[in-house]
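Here is the structure we will look at.
Letters go in sequence order (proteins before strands), and every chain restarts at 1.
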Protein chains: 2
Amino acid sequence: MAAGTLYGVGTGPGDPQLVTRRAWALVEAAEVIAYPAPDSGESFARAIVAEAIRPDATEIPMIVPMRAGRAPAQSIYDRGAAEIGAHLDAGRDVVLLCEGDPLFYGSFMYLLVRLRDAYPVVIVPGVNSLSACAAAQAHPLVARSDVLTVLPATLDDAALGEAITRADAVAIMKIGRHMPRLRALLGGLGLAGKARYTSHASLPRQRALTLDEAPDDAPYFSMILVYKGDDPWIS
Amino acid sequence: MAAGTLYGVGTGPGDPQLVTRRAWALVEAAEVIAYPAPDSGESFARAIVAEAIRPDATEIPMIVPMRAGRAPAQSIYDRGAAEIGAHLDAGRDVVLLCEGDPLFYGSFMYLLVRLRDAYPVVIVPGVNSLSACAAAQAHPLVARSDVLTVLPATLDDAALGEAITRADAVAIMKIGRHMPRLRALLGGLGLAGKARYTSHASLPRQRALTLDEAPDDAPYFSMILVYKGDDPWIS
């Protein structure tokens with residue numbers, strides 16, 4: 001019997017309407033669906049496509065403790081991969097949901113390295129958070145011949161400062177508790193007026209603010225975009 | 001009478017199935033649709049959603065001469081904005097199609113600067129080429145706490161080399177005639193084995209190759225992704 005196919009499916013930033021047609025159709029047809037879930041509360045990736053999931057689908061939640069700055073235990077992904085692999089061995093396709101895009105800072109990659117050699121894998125890209133946050137701001141992510149650099153907020157000030165200085169456009173990911181530090185850093189670089197803060201892009205609780213307006217206690221799923229070009233940025 | 005709304009709609013990388021549900025629904029409902037088109041041949045953005053366009057829709061093609069290295073004349077966008085503005089003034093919504101994502105190196109921004117002050121604008125993000133090319137390769141775009149830098153191939157060797165050296169992951173856009181130079185540059189940096197070439201991501205004519213396999217005459221819509229992490233890149 002032929003093995004099933006593993007579909008790594010990006011669900012986009014949060015609005016079910018920003019799921020691609022292909023991802024939606026795969027979820028509607030899926031007999032087996034896997035997704036990461038926090039140890040308390042519901043899976044964000046699952047919630048985005050909940051309407052499309054068949055009532056009789058087999059669901060494989062992978063419980064990933066959400067603690068900032070700590071890599072989740074390998075055993076969680078080992079166990080998830082084994083459970084997914086058992087379905088694939090039995091000839092059943094598995095749709096693995098990934099919030100945003102599977103290959104853009106996604107936990108999908110933990111499963112991909114475990115399963116890629118044994119099974120056919122198809123990846124369905126999703127709208128990533130870069131594009132979602134730029135849309136929320138109606139402001140360029142990057143234009144013309146600009147250089148865009150994407151930086152995790154966990155980098156130290158020296159590394160962030162140097163990278164920000166060199167780029168034309170910057171996205172700082174995973175803001176969380178780093179906001180006060182980032183605000184000071186961007187202010188020191190004279191870029192406070194060009195920095196925009198977005199959280200929960202595309203969801204009803206989306207906030208698209210200037211850096212000045214941004215809260216000090218930013219959520220993990222938030223981003224600062226800096227576009228250095230003068231307004232009008234293109235003509 | 002209230003003015004119409006301008007929708008800047010990303011159509012994704014090329015596969016009509018990779019259009020978001022919202023973008024597809026907006027096109028299906030649209031009475032007025034605008035899009036960039038080359039001076040010969042069909043509009044790529046239009047082709048992606050052609051199936052969804054109403055037969056009675058008013059179409060506004062904006063003919064943009066496709067000559068590498070030359071900014072299209074402002075007059076094209078002035079004229080397009082005037083034509084779109086006339087519909088908005090008459091209370092009709094206009095769906096402006098953008099291949100990929102509107103705010104990621106998109107020509108949509110030329111219209112946005114011309115129309116944003118006079119009309120309500122809603123931007124619908126699309127799957128951008130970063131995510132599409134990573135999916136084609138089934139290889140990380142960026143993971144963990146990596147820094148990703150996006151570079152236009154038009155930069156000179158010194159600028160490219162320095163940026164590539166500093167980043168953990170690199171995307172080089174708009175390859176075209178720069179391929180032989182990029183191949184030499186990446187080889188000199190010892191990164192040839194980590195560089196992957198993708199053209200026409202998600203389309204039937206997609207090519208997802210190693211750098212060695214890549215053609216010297218690359219199309220404009222092609223990308224090199226470099227992920228420096230060792231395989232397995234995540235565990």
So, for A:Pro125 and A:Asp101, which heavy atoms are closest and what is the spacing to 0.1 Å?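 Where A:Pro125 meets A:Asp101 most closely, the heavy atoms are CA-OD1, 3.3 Å.
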Considering all heavy atoms of both residues, which atom of A:Gly12 and which atom of A:Ile48 are nearest to each other, and what is their separation?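 Scanning both residues completely, I find the closest heavy atoms to be O-CD1, 3.7 Å.
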Between chain B and each of [options], count heavy-atom pairs under 4.5 Å; write down the option with the most.
options: A:Ala134, A:Ser145, A:Ala163; answer: A:Ser145
options: A:Gly10, A:Ala159, A:Gly126, A:Pro13; answer: A:Gly126
options: A:Leu151, A:Asp146, A:Val122, A:Leu155; answer: A:Asp146
options: A:Thr149, A:Leu148, A:Asp78; answer: A:Leu148

A:Arg166, CZ: over 12 other non-hydrogen atoms inside 6.0 angstrom: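 For A:Arg166, atom CZ is crowded (more than 12 foreign heavy atoms under 6.0 Å).
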Please flag which part of [X] lies under 4.5 Å from any non-hydrogen atom of chain A: side chain, backbone, both or neither.
X: B:Val19; answer: both
X: B:Pro16; answer: both
X: B:Pro232; answer: both
X: B:Gln137; answer: neither
X: B:Thr154; answer: side chain

Taking every heavy-atom pair that is under 4.5 Å apart, which of [options] has the most such pairs with chain A?
options: B:Asp168, B:Leu112, B:Thr20, B:Leu141; value: B:Thr20
options: B:Pro102, B:Ala171, B:Ala143; value: B:Ala143
options: B:Ile123, B:Val170, B:Val150; value: B:Val150
options: B:Val124, B:Val113, B:Val121; value: B:Val113
options: B:Ser131, B:Ala132, B:Ser107; value: B:Ser131

Need one label for A:Val142: side chain, backbone, both or neither, based on atoms under 4.5 Å from any heavy atom in chain B.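 A:Val142 touches chain B through backbone and side-chain heavy atoms alike.
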Examine whether an atom of A:Pro140 lies under 4.5 Å from a heavy atom of chain B, and if so say whether it belongs to the side chain, the backbone or both; otherwise answer neither.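 Both backbone and side chain.
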NZ/NE/NH1/NH2 to OD/OE distance under 4.0 Å, B:Arg116 and A:Asp231: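 Counted as a salt bridge, because a side-chain N and a carboxylate O are separated by less than 4.0 Å.
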If the threshold is 4.0 Å, N to carboxylate O, is there a salt bridge linking B:Lys194 and B:Asp230?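 Yes, charged N to carboxylate O under 4.0 Å.
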Is there side-chain contact between [X] and [Y], with heavy atoms separated by less than 4.5 Å?
X: B:Leu111; Y: B:Tyr77; answer: yes
X: B:Thr198; Y: B:Leu209; answer: no
X: A:Pro219; Y: A:His200; answer: yes

Could you label the plane-to-plane angle of the A:Trp233 and A:Tyr227 rings as parallel, tilted or perpendicular, counting under 30° as parallel and over 60° as perpendicular?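 Geometry flag for A:Tyr227 against A:Trp233: perpendicular rings.
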Answer yes or no for A:Arg22 and B:Trp24: cation-pi contact, defined as NZ/CZ to six-membered ring centre under 6.0 Å and angle to ring axis within 45°.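 The answer is no; the distance or angle limit is not met.
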